[in-house]
2 protein chains.
Amino acid sequence: MNEALRNPKMRMAVKMRANAAQKEATDIEKKGRKASKETRRLQLIEATIDSLAKRGYAETTLADVADGAGLSRGIVNFHFESKEKLLVATLQAMADEYANHWYTALEKAGPRPADQLWALVAADFDRRICTKRKLAAWCAFWGEAKSRPTYQALCGARDVKYQEMVIALCAALKAEGGYDYTAETMALSLSSMLEGLWLRLMMGDGLTREKAHEAAIEAIVAMFPKHIARNGPK
Amino acid sequence: MNEALRNPKMRMAVKMRANAAQKEATDIEKKGRKASKETRRLQLIEATIDSLAKRGYAETTLADVADGAGLSRGIVNFHFESKEKLLVATLQAMADEYANHWYTALEKAGPRPADQLWALVAADFDRRICTKRKLAAWCAFWGEAKSRPTYQALCGARDVKYQEMVIALCAALKAEGGYDYTAETMALSLSSMLEGLWLRLMMGDGLTREKAHEAAIEAIVAMFPKHIARNGPK
DNA sequence: ATATTTTGAATGAATATTCAGCAAGTATGT
DNA sequence: ACATACTTGCTGAATATTCATTCAAAATAT
């Protein structure tokens with residue numbers, strides 16, 4: 001750990017280039033103390049994601065989060081009561097962002113199921129969602145989810161509603177095109193593949209977002225040949 | 001933690017029904033004290049998997065492992081020098097078992113690519129490999145893998161050789177049947193889907209091994225319709 | 001002046017690691 | 001046979017470390 005950061009005089013410099021949240025936040029924020037509270041929370045959540053990505057769940061400490069945010073040691077317990085609550089808030093924020101993202105992507109896609117499926121897959125590999133940093137944080141939570149009900153509930157990022165949506169799309173395509181699988185089964189294969197690709201991306205290995213997206217497309221082309229081609233929905 | 005276990009007189013009873021490794025081991029080994037070094041190591045590795053599955057990576061303590069094995073607190077540092085080394089040995093053991101399993105499944109399948117692919121998929125959902133307990137342990141390691149090179153290297157359970165094998169099978173089927181995707185891309189979709197199904201199985205949600213296997217089959221039927229049907233290779 | 005936010009040292013709990021000693025077995029000498 | 005030293009596996013109390021949490025005091029904003 002960088003002990004220089006414990007010197008308050010050195011922190012100013014760090015704050016300037018701290019994390020992305022702060023930069024975004026300062027655009028919106030005035031000097032109002034109420035706004036400031038929410039801003040700090042976001043800043044700390046971003047620092048938590050950084051730490052999870054850099055050190056993994058087990059090695060993430062409040063000291064590291066505070067240092068990452070360019071703030072002092074006691075800060076987390078002031079804004080979130082406990083480490084546990086910070087982590088839950090972090091997961092919640094990621095889950096909200098994810099759900100929000102696929103939902104709006106779907107709305108933009110229009111009414112045709114093939115277009116919607118295409119958009120849903122594309123959303124998963126969008127720049128904003130699919131960063132190494134966030135994937136690593138997701139994976140850190142997945143690793144702990146089985147033994148923590150709170151995480152498990154939130155960790156269905158691709159949660160019940162997402163799964164229902166995929167099933168509905170598979171069912172719609174089946175009705176249109178006469179494929180002979182059951183919608184639930186194919187939806188499970190499909191969404192599992194997307195999750196698996198995330199996992200692989202996180203692991204590194206020179207796999208890029210573009211290549212992963214391509215693999216996902218190749219698979220849905222195979223699954224729905226009458227509706228989807230490599231270059232888009234038919 | 002069960003404090004009763006700290007009483008040595010209570011341990012005998014625990015030892016009798018401790019973990020699977022010991023049971024297997026007693027077939028080969030003598031009794032109690034004479035348990036060989038290798039046997040103890042296996043016993044502790046099994047207890048580690050139990051603890052990972054029950055409490056997750058972050059909450060797994062040496063005390064819990066020792067208790068699970070029905071042995072005393074200092075035992076792990078005696079047989080493996082450190083917690084870290086115990087965990088690496090555990091991951092190594094799981095990786096070896098996994099690699100061994102798919103490799104022999106492939107040998108039994110005979111020379112035809114379609115048969116081999118079918119066998120490879122079946123191997124992933126085999127009773128012996130695909131238990132809640134082991135999946136949970138895998139996932140615990142995945143969560144830490146990004147930040148630990150040692151884990152990362154071993155965590156490719158579906159490692160380089162596995163991936164090469166899947167690519168080779170996709171290429172062989174393509175050559176036989178004239179599908180028009182690239183083998184590497186389809187292999188990536190396929191193996192990611194298998195991993196994703198593991199992840200889902202681990203998360204619970206009432207998904208069974210059989211249902212997951214079914215979903216995998218449905219997908220390879222869609223990918224290789226000329227070679228594979230729901231009830232087996234053509 | 002008051003309220004809010006932040007700091008950083010102190011505290012205490014959890015837990016990995018160490019190690020001196022015990023016990024069970026094994027080899028050697030008588 | 002028996003005694004003696006030696007080896008190996010194991011124990012559990014003591015130690016050291018790491019880290020979340022607390023809080024009195026300082027800084028900052030209203």
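Reminder, nothing fancy here: chain letters follow the sequence lines and each chain counts from 1.
- Taking atom CG on A:D67 and atom P on C:dG8, their separation rounds to 11 Å, with Å as the unit.
- The side chain of B:F78 sits closest to D:dG9 out of D:dA20, C:dT5, D:dG9.
- Regarding B:H79, its NE2 atom lies at a distance of 18 Å from the P atom of C:dC19, rounded to whole Å.
- The aromatic rings of A:W198 and A:W142 sit parallel to each other, their planes meeting at less than 30°, with 60° as the upper class boundary.
- Here the P atom of nucleotide D:dC19 and the CG atom of A:L86 are 16 Å apart, to the nearest Å.
- Note on B:R40: a side-chain N or O is less than 4.0 Å away from OP1 or OP2 of D:dC10.
- With rounding to whole Å, B:R41 atom CZ is found 12 Å from D:dG9 atom P.
- A tilted orientation is assigned to the rings of A:W118 and A:H213, their planes being inclined by 30° to 60°.
- We find that CG of B:L71 is positioned 21 Å from P of C:dC22, with the value rounded to whole Å.
- At the phosphate of D:dA20, neither OP1 nor OP2 sits under 4.0 Å from any side-chain N or O atom of A:N77.
- Computed from coordinates, the B:E38 CD to D:dT8 C1' distance equals 16 Å when rounded to whole Å.
- Here the C1' atom of nucleotide C:dT17 and the NZ atom of B:K85 are 13 Å apart, to the nearest Å.
- Enclosure of atom NZ in A:K83 by more than 12 non-hydrogen atoms of other residues, nucleotides or ligands within 6.0 angstrom is indicated.
- At its two ends the helix from C:dA1-D:dT30 to C:dT30-D:dA1 runs along axes set 10° apart, each axis drawn from five pairs and the angle rounded to 10°.
- Listed nucleotides: D:dT21, C:dT17, C:dT5. Nearest to the side chain of A:S82: D:dT21.
- Distances shown here put a side-chain N or O of A:K37 below 4.0 Å from the OP1 or OP2 atom of C:dT5.
- The pair B:R200-B:E195 does not count as a salt bridge, with every side-chain nitrogen at least 4.0 angstrom from each carboxylate oxygen.
- Among residue pairs with one or both ends in residues 86-108 of chain B, those qualifying as salt bridge (charged side-chain N to carboxylate O under 4.0 Å, His left out) are B:E97-B:K134; sequence neighbours excluded.
- Atom CZ in B:F80 sits roughly 13 Å away from atom P in C:dT17 (whole-Å rounding).
- The residue among A:G74 and A:A58 whose nearest nucleotide of DNA chain D is located toward the 5' end is A:A58.
- Salt bridge A:E59/A:K54: absent, no basic N to carboxylate O contact under 4.0 Å.
- Comparing atom distances between the B:R73 side chain and each of D:dG12, C:dA16, D:dA20 picks out D:dG12 as nearest.
- The listed nucleotides are C:dT7, C:dT15, D:dA20; the one nearest the side chain of A:L62 is D:dA20.
- Residues A:R55 and B:K146 are not in side-chain contact: their nearest non-hydrogen atoms beyond the backbone lie 4.5 Å or more apart.
- Side-chain proximity of B:T61 to C:dT7, C:dT15, D:dC10: nearest is C:dT15.
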